[in-house]
Amino acid sequence: MLSSILLWALATSRFFSTGVADSSKTSASYITYSTVTGYFLQDEPSTNASTFNFMTTNFGLINRTYPADTTLHSNHNLTQWQRFKHQVTQLNREAPRGTEYKLLYMGRHGDGYHNDAQAYYGTPAWNCYYSELDGNSTITWSDAHLSPLGVTQALAVNEFWASEIKHQKIPTPQSYYTSPLTRCLQTANYTFNGLDLPATHPFIPEVKEYFREGISGHTCDRRSNETYIHDLFSSYRIEPGFTQDDELWVALHGETSTDQAVRSKRVLDSVFTTDGSTYISITSHSGEIGSILSVLGHQAFGLSTGAAIPVLVKAQTSGGTAPTTALQPYTALCTCTSPPAVTATTSICAYAPAETSPGI
């Protein structure tokens, strides 16, 4: 009981030390985010996320005219992406003080060994038993690495980017960010290394703690230490304040969706207030990208492993104090004392006793 409470207290103190939902701290301004729709198919309610392929649809960019087209001397030889870039430039030029527009390229990591394990054991057995283990006799899924399929998926996206750069003149990211989990570190590397990128904006991603997957008791979501990350990709920058060990992950407990949304808002605030780039790449996870989309007011849009989504974001900075959301206790996972059958469609699991469940 004591160890669980101490672990949760440590994780909570880490949230507060980095400013997440700390209602004791006030700010003279805050940022409100919204999605600017009408530019990408992924914004359209009629688009089916389960069948959509961003690589066969020019990243989903809608073939249309823009108000800024009238300011071009000639657009006969310009690609859709070149005209889109001109439109975004015009939006920022005409934006009132405190308003800016950025395009986020958000990519989900490729297939990982944890994805394969969940597919093999089935979701009920995975959630209640196997996800709490580090692996089995064949593979390791704690801080899961990419599977061979995941590497193939990331390399396919690399080829897609190369084609878009050459033929569509797509604006390449000016900044790169990644989750600290290994599968994202690898995906970012396979996706962007070797591309014809401007010398002024090379692929040197920054590792940011809060772009990680929803914090759960699953070992696949427990990150490795800072030394490991640095040794794996020494060219990557690691954000200031990044701890040596994972101080947020707690065995058999996880953050609530409310806390994840607060964390997503906080990391977006960090990027938008410190990074003047207009085009930004984020390599993350299905759950975290879903949380970010919610913060941005974007419709839900699930991504398969290796998929990506562009979102044009309007950020408005207002004076005053932002509404605060109180942190909630980590919730206990429902676990099984023995492994269910692989073919099970449900599981009989039990939550941690009330007295050991973390609380404020």
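The structure displayed is predicted, hence computed values, not measured ones.
- No side-chain N or O of T178 forms a donor-acceptor pair with one of T283 less than 3.5 Å apart.
- The heavy-atom pair separating F54 from A307 by the smallest distance is CE2-CA, 3.5 Å.
- The closest donor-acceptor contact from the side chain of E239 to the backbone of E209 lies under 3.5 Å.
- Hydrophobic clustering, with ILVMFWY side chains joined whenever heavy atoms are under 4.5 angstrom apart, groups L248 together with Y228.
- Of the charged side-chain nitrogens involved, none lies within less than 4.0 Å of a carboxylate oxygen, so that D196 and K166 do not count as a salt-bridged pair.
- Interatomic distance, CZ of F160 versus CD of Q168, reported as 8.5 Å (0.5 Å rounding).
- Proximity of a side-chain donor or acceptor of S234 to a complementary backbone N or O of D231 within less than 3.5 Å is not detected.
- Side chains of T219 and S142: a donor-acceptor N/O pair is absent below 3.5 angstrom, by distance only.
- To the nearest 0.5 Å, atoms OG1 (T99) and CZ (R97) are separated by 11.0 Å.
- Evaluated for a salt bridge (charged side-chain N to carboxylate O under 4.0 Å, His left out) with R183, the options D111, D116, D221 yield exactly one hit, D221.
- Side-chain N or O atoms of H86 include one that pairs as donor or acceptor with a backbone N or O of A68 at under 3.5 Å.
- Counted by atom type alone, Q118 and S131 present zero donor-acceptor pairs between their side chains at under 3.5 Å.
- Taking the six-membered ring for Trp and thresholds of 30 and 60 degrees, H298 and F301 have ring planes more than 60 degrees apart, a perpendicular arrangement.
- For K208, the NZ atom is densely surrounded, since the number of other residues' heavy atoms within 6.0 Å is greater than 12.
- Taking the centre and axis of the six-membered ring of Y279, the NZ or CZ atom of K102 falls outside the cone set by 45° and 6.0 Å.
- In this structure, Y113 and P148 approach most closely via the heavy-atom pair OH-CD, 3.5 Å.
- Side chain of T274 to main chain of S270: a donor-acceptor pair is present (N/O by atom type, distance under 3.5 Å, no hydrogens or angles).
- With no hydrogens or angles considered, no side-chain donor-acceptor pair links S179 and E288 at under 3.5 Å.
- Across every non-hydrogen atom of Y30 and T32, the tightest pair is CE1-OG1, 3.6 Å.
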Note to self: Could you go through Y105 and I309, starting from their C-alpha distance and side-chain angles, then the distance that decides it, and tell me whether this counts as side-chain contact (heavy atoms from CB on, under 4.5 Å)?
What the structure shows: CA-CA 6 Å; Y105 298 109; I309 181 172; over 6 Å; no
Item checked: Candidate pair Q80 and Y66, rule side-chain contact (heavy atoms from CB on, under 4.5 Å), full reasoning -> CA-CA 10 Å; Q80 190 72 41; Y66 304 122; 2.9 Å; yes
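- Hydrophobic clustering (side-chain heavy atoms under 4.5 Å, transitive across Ile, Leu, Val, Met, Phe, Trp, Tyr) groups L103 together with L41.
- A cation-pi arrangement, defined by a distance under 6.0 Å to the six-membered ring centre and an angle within 45 degrees of its axis, is present between R64 and Y39.
- With rounding to the nearest 0.5 angstrom, the CD atom of Q316 is 11.0 Å from the CD1 atom of I31.
- Residues T47 and Q42 bring no donor and acceptor atom of their side chains to less than 3.5 Å of each other.
- When hydrophobic clusters are built by joining Ile, Leu, Val, Met, Phe, Trp and Tyr residues whose side-chain heavy atoms come closer than 4.5 Å, directly or via intermediates, F272 is grouped together with L312.
- Using modelled atom types, no side-chain atom of N92 and backbone atom of T89 make a donor-acceptor pair closer than 3.5 Å.
- Both V271 and V36 belong to a single network of hydrophobic side chains, linked directly or stepwise wherever heavy atoms of I, L, V, M, F, W or Y lie under 4.5 Å apart.
- Under a 4.0 Å N-O distance rule, the pair D143/R212 does not qualify as a salt bridge.
- Residue R222 holds its CZ atom at 8.5 Å from CG of D246, rounded to the nearest 0.5 Å.
- Looking only at distances, a side-chain donor or acceptor of Q174 sits under 3.5 Å from a matching main-chain atom of T278.
- Here the shortest heavy-atom pairing between H201 and Y176 reads O-CE1, 4.2 Å.
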Next item on the list: Please assess Y121 against Y129 for the test ring-ring contact (aromatic ring centres under 6.0 Å, His included), listing each intermediate value before the final yes or no.
Entry: CA-CA 10 Å; Y121 291 114; Y129 184 81; 8.5 Å; no
Notebook entry, point to check: Taking it one step at a time, do R108 and S284 satisfy side-chain contact (heavy atoms from CB on, under 4.5 Å)?
Noted result: CA-CA 5 Å; R108 182 186 176 187; S284 189; over 6 Å; no
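- If you chain together hydrophobic residues whose side chains sit under 4.5 Å apart, L296 and Y101 fall into the same group.
- Between E255 and R263 there is a salt bridge, since a side-chain N of the basic residue sits under 4.0 Å from a carboxylate O of the acidic one.
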Notebook entry, point to check: So D245 and T243, side chain to side chain donor-acceptor pair (under 3.5 Å) or not? Walk me through it.
Noted result: CA-CA 5 Å; D245 298 311; T243 59; over 6 Å; no
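- The two residues P310 and F59 have their closest heavy-atom pair at CG-O, 3.3 Å.
- With rounding to the nearest 0.5 angstrom, the CG atom of N225 is 9.0 Å from the CZ atom of F242.
- A donor-acceptor contact shorter than 3.5 Å links the side chain of T187 to the backbone of G110.
- Atoms CG and CG, on L195 and N193 in that order, are 8.0 Å from each other to the nearest 0.5 Å.
- Distance alone, capped at 3.5 Å, places no donor-acceptor pair between the S281 side chain and the P173 backbone.
- In this structure a side-chain-to-backbone donor-acceptor pair under 3.5 Å is missing from S163 to E159.
- N136 and W141 form no side-chain donor-acceptor contact under 3.5 Å, judged by distance and modelled atom types alone.
- Under the 4.0 Å criterion applied to side-chain N and carboxylate O atoms, K265 and D269 are assigned as salt-bridge partners.
- Tested against E213 for a side chain to side chain contact (heavy atoms under 4.5 Å, CB included), the candidates H109, H114, Q260, H218 yield a single pass: Q260.
- D275 and Y177 are linked by a side-chain donor-acceptor pair at a separation below 3.5 angstrom, with hydrogens and angles left out of the test.
- Residue M106 comes nearest to L293 through the heavy atom pair CE-CD2, 3.7 Å, listed as atom of the first residue, atom of the second, then distance.
- When each of Y190, F192, W161 is checked for a ring pair (Phe, Tyr, Trp, His ring centres under 6.0 Å) with F203, only F192 meets the rule.
- Between C334 and C128, the SG-SG separation does not fall below 2.5 Å.
- In this structure, Y210 and S264 have side chains that are not in contact, with every pair of non-hydrogen atoms separated by 4.5 Å or more.
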Item checked: Full working for side-chain contact (heavy atoms from CB on, under 4.5 Å) between T325 and T258 -> CA-CA 8 Å; T325 302; T258 298; 3.6 Å; yes
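- A side-chain donor-acceptor contact under 3.5 Å links Q82 to the backbone of T79.
- Comment: E100 does not engage K314 in a salt bridge, judged by the lack of any side-chain N to carboxylate O separation of less than 4.0 angstrom.
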